[in-house]
Amino acid sequence: MDYDYLKNKKILLVDDEAELLLMVRSILEQDGYRNIRTALSVAEALAAGKEWKPDFAILDVMLPDSDGFGLLAKLREFTDIPVLFLTARGEEEDKFQGLGMGADDYMVKPFLPRELTLRLGAILRRCYKNENPVVQLSASRIDFARAQVTKNGEEISLTAKEHDILMALYRNAGRIVTIDQLCEAAWGDNPYGYENSLMAHIRRIREKIEANPSKPESLLTVKGLGYKLVLEERV
Amino acid sequence: MKSTFKLIRRFILILMLSLIGLVVINIVLLVGLTYRDKSNAGGWKAAGEVAEQLTGSEADGFSLTDEGRSILKERQAWAILIEDGTGNVIWNSDDLPKEVPLHYSAAEISWYTRGYIADYPTTTAARGEDLLVLGYPKDRYWKLMYPTWDYHGIVNTPKKVLVFLVVNLLCIISIYLIATSGVLRQVKPIVGGIEALPEGEAVYIREKGLLSDLATAINRVSERLRIQERELQKKEMARTNWIAGVSHDIRTPLSMVMGYAGQLEEDLSLSEENRRKAGVIRQQSIRMKNLVNDLNLASKLEYHMQSIRREMFNLVAVVRRVVVDFINADLEGKYPIEWNTSKDLEACMIEGDKELIRRAVNNLILNARIHNPKGCRIFVELKEDEQKAHIYIEDDGVGVTEEKLEEIQNKPHYLMNQGSMNKQRHGLGLLIVKQIVEVHRGSVCFGQGREGGFRVQISLEKGRG
């Protein structure tokens with residue numbers, strides 16, 4: 001999966017440890033991100049935020065001249081960019097505070113480089129999806145913006161539920177998404193008892209996107225657990 | 001409060017019993033004391049007896065038998081026989097007092113029939129047409145000049161006695177209650193205070209009245225308990241804070257170790273050997289990370305510093321999510337997880353902290369992986385019965401010996417152990433599982449797996465949903 005346009009996004013890293021900034025930067029660079037800037041304090045971060053207009057920010061909570069929560073509040077005054085907290089503060093309370101303030105994700109140090117890049121990629125895909133509304137599968141192409149599937153040159157519309165389910169799968173492409181997560185995506189909070197409906201929807205989606213719905217190649221079942229959407233490698 | 005009522009009930013019971021006892025004792029005493037007086041009612045009988053013992057007639061003279069004499073003697077009484085019609089005394093006993101007249105007019109008859117002749121109490125008996133009068137010493141009977149009683153007065157006597165008794169009883173009970181309620185009022189706060197002490201509540205009782213010494217003592221005990229509790233809490237807080245601080249400070253350095261090791265591992269310009277070494281560093285730093293997280297949570301759970309969020313949630317969804325996260329992260333496929341839960345079990349609602357339950361299941365799967373570095377299959381199954389939900393996590397790896405199992409089940413972890421730290425210890429992971437299950441009032445059971453590995457069963461109370 002190579003979402004080239006996402007790698008061009010401007011990413012702002014804020015942490016009080018220069019060494020850690022260097023490392024995160026090298027991790028992101030290794031993953032293909034090209035536009036990265038770092039800041040060591042709230043003041044620097046705000047300056048960069050106003051002037052450089054980043055597309056994404058990775059914030060530490062512990063900063064020398066205030067904390068990351070305060071920084072987020074100030075950033076929110078002039079921008080809506082997605083934010084990920086990367087911090088040593090692992091308490092549930094901190095996590096809830098960060099997420100409650102509208103952060104898109106909260107990661108506790110220490111972390112695995114791969115986890116960071118995966119989460120970063122997922123958030124970017126989710127927030128900037130409109131720039132790439134078309135997803136190529138083995139037998140078809142999904143245009144999420146128009147809720148259309150193109151298979152063998154034929155256009156097929158997706159229902160709202162099918163769209164929601166496919167979107168949830170697409171955001172976690174290549175990974176298993178549990179039955180419960182899919183039900184939640186389609187029917188809202190705390191859904192249960194929808195498993196049979198979900199199966200019916202999956203069957204209909206397969207008829208629309210698969211070459212042979214009884215031998216799926218793109219939308220795979222993981223028995224008892226959930227489903228997985230496999231994307232075609234981009235050329 | 002309950003004990004105060006018990007006290008009152010007991011007091012009243014004792015009072016009732018003693019009242020009944022008193023009445024019985026009084027009756028026995030009365031009977032005993034007046035038993036001898038009973039024969040004295042025979043004053044009238046004696047007159048009849050003497051009349052029978054008087055033989056003869058006016059013509060041939062009267063004579064009193066010996067028996068008649070002895071009756072008179074015994075009572076120190078005299079006797080006269082009054083003739084019918086004339087009113088003359090036609091016979092008298094030997095020791096007749098001089099002041100007793102020997103002739104009686106019809107008016108005078110009314111004297112003795114009322115009971116007195118010249119102040120001598122008298123009784124009468126008929127002897128044929130004539131009348132025998134028996135006179136007793138003056139101090140023998142109490143003077144009852146008008147010994148007539150109102151008919152209703154007599155008939156109503158039992159009722160009146162009963163009213164008297166009841167009024168008396170009520171009086172006694174109310175006097176008693178007033179007297180004891182004063183004491184009870186003073187005892188009540190003390191009883192309440194003592195009852196509240198074990199609950200760990202702060203107790204203060206007004207130090208006044210009869211039992212002020214007791215109140216002072218209880219207040220002091222309460223104060224001391226509070227101080228001790230505060231001290232203990234301070235100590236525990238310091239300990240958890242210390243652990244939390246260390247685990248916080250270690251995160252940033254560990255991030256760099258993990259981050260760079262991860263990068264080096266994927267650096268294709270390095271030799272295979274060096275990349276393998278970087279991989280080991282990364283894996284070991286993950287272990288350290290887990291350890292640090294576990295240590296922090298375990299100490300918080302142990303000292304109740306972890307806040308528990310209770311909500312209704314679908315256990316199936318939570319466990320499924322943990323399993324999927326593991327599968328998604330297991331890129332090498334060394335630890336395939338089999339989901340054996342029945343298809344029919346879509347939802348199983350329980351009440352508890354979702355995050356902690358997730359952590360427990362996470363730890364168990366992680367545990368299987370740590371103990372089986374060569375890989376193993378992991379089986380996860382959920383079941384439910386009427387009251388409980390059961391999570392089974394099992395692997396087909398190296399498994400455990402019976403001794404080790406015994407140790408895991410029963411030995412306290414070094415974190416809670418007061419003894420030396422040199423003894424065998426098991427990982428924090430299982431300790432946390434135990435703690436989490438405990439917080440949810442469930443049960444956890446460790447055992448041998450059916451396929452040779454380790455098996456854990458967690459049972460949790462189902463929510464009322």
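Remember, predicted model here, so these are calculated numbers, not experimental data. A note on names: the letters A, B, ... follow the listed sequences, proteins ahead of strands, and every chain is numbered from 1.
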Salt bridge or not between A:R25 and A:E29? Use side-chain N to carboxylate O under 4.0 Å.
yes
B:H440 and B:D353 side chains, donor-acceptor separation under 3.5 Å:
no
Audit row: B:E273, B:R276, salt bridge (Lys or Arg N to Asp or Glu O under 4.0 Å) steps and yes/no:
CA-CA 5 Å; B:E273 175 63 11; B:R276 194 191 62 78; 3.6 Å; yes
Pair A:N172, A:R125: side-chain N/O donor-acceptor within cut-off below 3.5 Å
no
For the candidates B:K289, B:E355, B:E266, which exhibits the highest count of non-hydrogen atom pairs separated by less than 4.5 Å from chain A?
B:K289
Where on B:T252 is there a heavy atom nearer than 4.5 Å to chain A: the side chain, the backbone, both, or neither?
both
Region of A:E17 that comes under 4.5 Å of a non-hydrogen atom in chain B
side chain
Can you tell me which portion of B:N340 sits under 4.5 Å from chain A's heavy atoms? Options are side chain, backbone, both or neither.
neither
Among B:A244, B:G259, B:G262, residue most engaged with chain A (heavy-atom pairs, under 4.5 Å):
B:G259
Would you call the rings of A:Y106 and A:F85 parallel, tilted or perpendicular if under 30° counts as parallel and over 60° as perpendicular?
tilted
Which answer fits B:I286, side chain, backbone, both or neither, if we ask what part of it has an atom under 4.5 Å from a heavy atom of chain A?
side chain
What part of B:E338 lies closer than 4.5 angstrom to a heavy atom of chain A: side chain, backbone, both or neither?
neither
In terms of heavy-atom pairs under 4.5 Å, which option from B:S342, B:S247, B:P253, B:A317 contacts chain A the most?
B:A317
Does any heavy atom of chain B fall under 4.5 Å from the side chain of A:Q181, the backbone, both, or neither of them?
side chain
Testing B:E351, B:Q387, B:E384 one by one against B:K462 for a side chain to side chain donor-acceptor pair (under 3.5 Å), which residue passes?
B:E384
Is A:R119 salt-bridged to A:E115, cutoff N-O under 4.0 Å?
yes
At a 4.5 Å cut-off on heavy atoms, which part of A:L22 comes close to chain B: side chain, backbone, both, or neither?
both
Checking A:R114 against chain B: side chain, backbone, both or neither under 4.5 Å from a heavy atom?
side chain
Under 4.0 Å between a side-chain nitrogen and a carboxylate oxygen: does that hold for B:R321 and A:E184?
no
